[in-house]
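Remarks on the structure that follows.
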Amino acid sequence: MTQTQTARLMDGAGLAARIVEECTSRAAALTERTGQAPCLATVLVGEDPASVTYVRMKRSRSAKAGIESRHVELPATTTTKELVGAITELSEDPAVHGILLQHPVGEHIDERAAFEAIAPEKDVDGVTMHSFAAMSFGLPGFQSCTPGGIMRLLDAYDVELTGKHAVVVGRSAILGKPAGMLLLDRNATVTYCHSRTRDLSSIVRQADVLVAAVGRARFIHGDDIKPGAVVIDAGYNAGNVGDVDFDSAKTRASLITPVPGGVGPMTIAVLLAQTVDAAERQLGVAER
Ligand code: NAP
């Protein structure tokens, strides 16, 4: 590709809408067959405005897809023991099929302990060690929603991964690390970069597939993108901008996700799809 060419956009919003449509019909069929709608429990600790908005949005999208939600709101002063207790109750409740604990939960809480109280069969947000192991071992299980969304986008655009060099910038437990594991499982050669990586640009320049999951606006510039690379921008920063400098990157990439409208809508679509999967399995009507 030359500098004057423009990458094709990966339409996450369109793909997510199709996934949600399929979820909606599966949820309706399940409700008709069993008399029980899929049910997602959302747990929110404290009143962080961004978290309140995220949870509200997830519940409203669920409702539109025919997925019921059970909302548990706990005060910011909640202890680890109380939170683990509340999640354990949901894990044991047969009327709840999926559990989402909104991150972050407050620094005084052991968030890992709280995540691990989610029963593996209800971990529709893919945050437990069980789900991470399943992603790492290439076994059936729930995927972390953003990495799961990234893989579905790559598949929708027929991106061949075998033998390709995938570079993941970021190694968080919910995004960078599992994204790399899923790419590895598809036979990509994976390099992780993080805040201690030396000469990041030279590594990014080798990427056939680049996943940016840093949380810094326009952190990766087009000059560092290999011509023809597939660029997945998972970042979402203030002002609706991603981790990749879109205008310069689109002159080098062959495919690129926009922000917004790329990875973002896929995350919630995967959450809904995995909630319906969980409900189908728990109600004994799963075909897959
Ligand atoms: P995070 O937990 O803060 O992790 C950021 C990662 O980036 C860390 O691994 C960190 O390295 C690395 N990093 C930070 N500064 C760096 C630098 N200068 N050079 C190289 N690496 C650097 O963030 P996250 O939760 O993974 O989220 C990342 C981005 O994705 C954010 O913009 C977030 O809003 C977005 N996001 C979007 C969705 C969605 O639905 N679209 C979902 C989740 C997150 P260390 O490990 O060394 O600290």
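Ligands are counted one by one from 1 in listed order, and the atoms in each one are counted from 1 as well. One-based numbering along the sequence shown.
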- Item | Separation of K58 NZ from T267 OG1 (nearest 0.5 Å) |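 Rounded to the nearest 0.5 Å, the OG1-NZ separation comes out at 8.5 Å.
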- Taking 4.0 angstrom as the limit, do R112 and E116 come out as a salt bridge? yes
- salt_bridge(R26, D277) N-O dist < 4.0 Å: yes
- Note on the structure: Sequence neighbours excluded, the answer for salt bridge (Lys or Arg N to Asp or Glu O under 4.0 Å) partners of D199 is none
- Item | Shell of residues surrounding ligand 1, defined by a 4.0 angstrom heavy-atom cut-off that is strict | T146, G170, R171, S172, I174, L175, H194, S195, L200, A213, V214, G215, R216, F219, A234, G235, Y236, N237, G264, T267
What donor-acceptor contacts under 3.5 angstrom involve side-chain atoms of residues 206-219, with partners at least two apart or in another chain?
unit_1, atom_1, unit_2, atom_2, d
Q206, NE2, S202, O, 3.3
D208, OD1, K226, NZ, 2.7
D208, OD2, H165, N, 2.8

- If you look only at pairs with a residue in residues 177-187, which of them pass as a side-chain hydrogen bond (donor to acceptor under 3.5 Å, both in side chains), with sequence neighbours excluded? D155-R186
